[in-house]
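The next block holds one structure in the form of structure tokens; read it before the comments.
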Amino acid sequence: MLKGAAALTALPALPALAQSPDPWDRARRIAAVFDKPLPIPDRDFVITAYGAKPCKVHQVKGQPKVREPGLVTTPVPGTHDSHPGLSAAVRAAHEAGGGRVLIPAGDWYLKGPITLLSNVRVHLAAGARVYFSANPRDYARDGEFDCGANGKLVLSRWQGNDCLNFSPLVYARGQKNIALTGEDWTSVLDGQAGVPFEDGSGPGWWGMNQKAALPGALHQGVDNPANAPLAAVVPHLDAATLARIVGDRPNARSDEKYLPALSEAGVPADKRVFGLGHYLRPSMIEFVDCENVLMQGYLAVNAPFWIHHPVKCRNVQFSKVRMESIGPNSDGFDPESCDTVLVDGCWFNTGDDCIAIKAGKNRDTGYGPTRDVVIQNSVMNSGHGAVTLGSEMSAGIEHVYAQNLDVRNEHWATDPLNTVVRLKTNMNRGGYLRHFYVRNLKLPNGVRIKPGFYTPIPGGPVPAKTVPTGGGAVITFDCDYTPSFDLVRDRPPEVSDVHISGIAVSNVKTPEGSFGCYQAFVVLGPVANSYNGPAGKPVLPVRNVTIRDCDFGTPVRADAPWYVHNARDVVLSNVTIGGKRYDRKLSG
């Protein structure tokens, strides 16, 4: 069995917050949890006292952005490895009862992860830049679980599913009172995801994704011969059940499809072994089963996968962090199955969702829901969605509050933000999304003008190439997100109680005209024909949605400013689209 099996149990809920006529009272009380600083002793452990030394850097050919070749800065070969010194400083601080591990100004090379321990803050001084080695073996060397040829791995979660995998570049599990901080945005954590692997084995972490893989190379989306046929892994399952999980689709043994299949088949997490020989990139910063977590005041760049991923953590503060990573799956901040989270004063420029709140996928719901999240006073530029709920949310998401956001979309002409308020789930991920409140969002450059259309299961009521769930709407409810990726679709989601106000969209000038979006909003509720489970399970509409005091600018689709399917009681109040005011109740 997996050591520390308590890490797979649900978080205990905080005492119930009293109901108030103003739902934003709850948001204020969530934020107030973080008024008191973490109880970490005020004493320093400077990494140079433990053998760390600055490194020298040079430039090589790589990818500053995915699929954009250019020069990237990286440590010179043979430079000093400061990982042992930093790790020794962390241990010393922890054993002394806590303290601050200080990384001074300069360039530092780490051949391995920063692993945080209770009562320790790792702090980057102004002008400090940490380069994490571009070598997967360095993240399969020190983990708790010895998996033979796959390496010594850690318990992680990859796109909502638990597994043993490479260590994230910054990692902690089961710790309390931990912090990762910087002095300012000259304090840099560099994941080097666009740097070719140091042993010459590939184009780098991003090359494990199909977007940057070399022609003919293995990557996460093609069959991996290291993955045994599922029938050999779970011989007790009957042929019909196996066929339902695996089907006859191509690349069923690719890592990205094999891991969720293991979840559906009931394979325990400690038997889902990836790491070396596999292509599931690690998150840059991931904390699992931790309490009282602070991430503050630094710049994170070039992440292999999701940038920040707290999992089953309680009391998480994410403040004044800047993210610049235009890579595949470079989500900025993905709290998953977490309780009490504050995002405040951050800057997002990402290759995927800026923020994506999550809560497990397939049968991996043991960590419980995500609840009580406040997002405020932040800037969003490139990304798929500014504030996203899902898509991995099988255990549920509730009580999320987003306010006072500058959805600047400053790269609108070359790399636009796809959508702003985004809810995504499907018949596989199921779960619930409820009590989501949004107010006071400014969009000075609108959102993506060209649509990213929904691709349905054939034979359903929604025609293909008609609904811009993948980009182009300011508000997007997508309850049939990429349905064909998941073969088991027997968990209809429930979406309700979403209240949005104060969105102000400005148009941008294009050769085709002046527009703020392709369509103002899309409410695509669960699509019944995507369900393939036992008969009799209800497919509920999206319900109790209000959109008020919003101006969506001018949509490209002025003839059809919104789309609604399987939704009830979508109420518009003082909503302006293309200069026309709407006050009405929609259903569809």
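Residues take their numbers from the sequence shown, with the count starting at 1.
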Is there any salt bridge (Lys or Arg N to Asp or Glu O under 4.0 Å) pair reaching into residues 95-105, and which pairs are they, with sequence neighbours excluded? D44-R100
Non-hydrogen side-chain atoms of [X] and [Y] separated by less than 4.5 Å:
X	Y	result
E286	V154	no
L417	C354	yes
K111	N135	yes

Step by step, work out the side-chain hydrogen bond (donor to acceptor under 3.5 Å, both in side chains) result for E324 and W347. CA-CA 9 Å; E324 298 281 350; W347 177 291; 3.3 Å; yes
Using only heavy-atom distances, determine whether the side chains of [X] and [Y] contain a donor-acceptor pair under 3.5 Å.
X	Y	result
E264	N428	yes
E198	S133	no
H278	D255	yes

Could you check whether R157 pairs with D364 (Lys NZ or Arg NE/NH1/NH2 to Asp/Glu carboxylate O, under 4.0 Å)? no
Check R173 with D289, please: is the shortest side-chain N to carboxylate O separation under 4.0 Å? no
Hey, which of L294, V293, N292 is the one that makes side chain to side chain contact (heavy atoms under 4.5 Å, CB included) with N177? N292
Taking the six-membered ring for Trp, are Y50 and F45 parallel (under 30°), tilted (30 to 60°) or perpendicular (over 60°)? tilted
Ring-plane angle category for F318 and F333, please: parallel below 30°, perpendicular beyond 60°, tilted otherwise. parallel
Scan the side chains in residues 298-306 for donor-acceptor partners under 3.5 Å anywhere in the protein, sequence neighbours excluded, and list what turns up.
{"from": "Y298", "atom 1": "OH", "to": "H308", "atom 2": "NE2", "distance (Å)": "2.9"}
{"from": "N302", "atom 1": "ND2", "to": "D190", "atom 2": "OD1", "distance (Å)": "3.0"}

Has the side chain of S82 got a donor or acceptor atom that lies under 3.5 Å from a matching backbone atom of K53? yes
Knowing that exactly one of W205, Y171, W158 qualifies, which makes a ring pair (Phe, Tyr, Trp, His ring centres under 6.0 Å) with F166? W205
So SG of C338 and CZ of R314: to nearest 0.5 Å the spacing works out to 12.0 Å
Could you note down all residue pairs passing side chain to side chain donor-acceptor pair (under 3.5 Å) where residues 384-396 supplies at least one of them, sequence neighbours left out? D352-H384, D353-T388, K358-E392, S391-R429
